[in-house]
Amino acid sequence: MAIQQSDVLYTAVATAENGRDGRVSTDDGKLDVVVNPPAEMGGSGAGTNPEQLFAAGYSACFQGALGVVARQEGADVSGSTVTAKVGIGRNDEGFGLIVEISADIPNVDAETARSLVKKAHEVCPYSKATRGNITVTLA
């Protein structure tokens, strides 16, 4: 179910200049980065790129969702990490994304870790936003 504008608790605002080969900054000045296409896509690779920024946001959001689920389950996820790999490639409409999410949760057994990751994927706002739009694999 989609949220309504009245439900919004926070809105991030970022502005890009010159698209994938320029600069991206937030209205509060906390993020101000040069973006360049990666060398694999014919760019200089000198700056970061939108896929890295998406991977950073997705992994942080997923880690937060993992913490929520772990508290509900009484599981210890201290010391855990979440990695998001975001790929970009050509598809029928031009370009598309693919994501792989993996988590290292040292204080639980493998079965519990898989269960927590699956549940986090159900509640993570990034996972909800991408569901049905791009392939997201849980590794």
Side-chain angles (χ1 to χ4, degrees):
M1 180 176 178
I3 67 169
Q4 302 300 312
Q5 187 61 40
S6 61
D7 298 322
V8 173
L9 301 174
Y10 168 76
T11 299
V13 179
T15 302
E17 300 171 17
N18 295 325
R20 296 180 68 86
D21 204 2
R23 177 177 164 253
V24 176
S25 61
T26 55
D27 64 335
D28 62 6
K30 292 181 180 177
L31 178 71
D32 190 342
V33 295
V34 171
V35 290
N36 301 116
E40 296 85 348
M41 294 179 66
S44 70
T48 190
N49 59 66
E51 292 69 41
Q52 288 175 323
L53 295 170
F54 186 71
Y58 202 158
S59 63
C61 186
F62 202 96
Q63 179 78 45
L66 182 64
V68 168
V69 169
R71 282 189 294 282
Q72 292 170 347
E73 301 282 322
D76 180 7
V77 294
S78 61
S80 65
T81 59
V82 172
T83 301
K85 295 180 182 179
V86 176
I88 184 171
R90 294 195 179 273
N91 64 14
D92 293 340
E93 294 90 32
F95 285 89
L97 298 176
I98 188 167
V99 176
E100 179 183 299
I101 299 285
S102 60
D104 178 33
I105 311 171
N107 297 324
V108 299
D109 61 71
E111 183 178 328
T112 301
R114 279 190 297 277
S115 175
L116 291 170
V117 167
K118 186 175 178 182
K119 289 175 182 176
H121 186 50
E122 293 302 313
V123 301
C124 173
Y126 273 63
S127 293
K128 289 179 181 182
T130 59
R131 192 167 288 122
N133 297 310
I134 65 174
T135 300
V136 177
T137 304
L138 304 177

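All heavy atoms count here, side chains included; hydrogens, waters and symmetry mates do not.
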Pairwise side-chain hydrogen bond (donor to acceptor under 3.5 Å, both in side chains) hits with a residue in [range], at least two apart:
{"range": "residues 125-139", "value": "Y58-S127, H121-S127"}
{"range": "residues 89-101", "value": "none"}
{"range": "residues 109-120", "value": "E73-K119, D109-T112"}

Handout entry: Members sharing I98's hydrophobic cluster (side chains within less than 4.5 Å)
Key =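 Answer for I98: none, a lone residue.
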Practice task
Keeping to residues at least two apart or across chains, list the salt bridge (Lys or Arg N to Asp or Glu O under 4.0 Å) pairs with something in residues 1-16.
Solution key: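 Counting only pairs at least two positions apart or across chains, no salt bridge (Lys or Arg N to Asp or Glu O under 4.0 Å) contact touches residues 1-16.
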Problem - All pairs passing salt bridge (Lys or Arg N to Asp or Glu O under 4.0 Å) where residues 52-65 contributes a residue, at least two apart - result: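 Residue pairs passing salt bridge (Lys or Arg N to Asp or Glu O under 4.0 Å), neighbours aside: none found.
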Do [X] and [Y] belong together in a cluster built from hydrophobic side chains that touch within less than 4.5 Å?
{"X": "V35", "Y": "F95", "result": "no"}
{"X": "L97", "Y": "L138", "result": "yes"}
{"X": "I134", "Y": "V82", "result": "yes"}

Considering residues at least two apart in sequence or located in another chain, which fulfil the side chain to side chain donor-acceptor pair (under 3.5 Å) criterion with [X]?
{"X": "R20", "result": "E51"}
{"X": "D104", "result": "none"}
{"X": "E17", "result": "R23"}
{"X": "S80", "result": "Q63"}

Handout entry: Any residue meeting side chain to side chain contact (heavy atoms under 4.5 Å, CB included) with A14, in chain and number order, not counting sequence neighbours
Key =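 Scan of A14 (side chain to side chain contact (heavy atoms under 4.5 Å, CB included), adjacent residues dropped) gives V24, T26.
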Which pair of non-hydrogen atoms, one from [X] and one from [Y], has the smallest distance, and what is that distance?
{"X": "A84", "Y": "I101", "result": "CB-CD1, 3.7 Å"}
{"X": "A65", "Y": "A120", "result": "CB-O, 3.8 Å"}
{"X": "G45", "Y": "N36", "result": "N-CB, 4.2 Å"}
{"X": "L116", "Y": "A70", "result": "CD2-CA, 4.1 Å"}
{"X": "D76", "Y": "V108", "result": "O-CG1, 3.7 Å"}

Practice task
Find out whether V8 and I3 are in side-chain contact, i.e. whether some heavy atom of one side chain is under 4.5 Å from a heavy atom of the other.
Solution key: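 When only atoms from C-beta onward are counted, I3 and V8 do touch, with a gap below 4.5 Å.
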Practice task
With sequence neighbours excluded, tell me which residues meet ring pair (Phe, Tyr, Trp, His ring centres under 6.0 Å) with F62.
Solution key: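 F62 satisfies ring pair (Phe, Tyr, Trp, His ring centres under 6.0 Å) with no residue once adjacent residues are dropped.
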Handout entry: Gap separating the CE atom of M41 from the CD1 atom of I88, nearest 0.5 angstrom
Key =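 If we round to the nearest 0.5 Å, M41:CE and I88:CD1 are 4.0 Å apart.
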Practice task
Ignoring hydrogens and angles, tell me if any N or O in the side chain of N107 forms a donor-acceptor pair with the backbone of S78 under 3.5 Å.
Solution key: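 Confirmed, N107 side chain pairs with S78 backbone.
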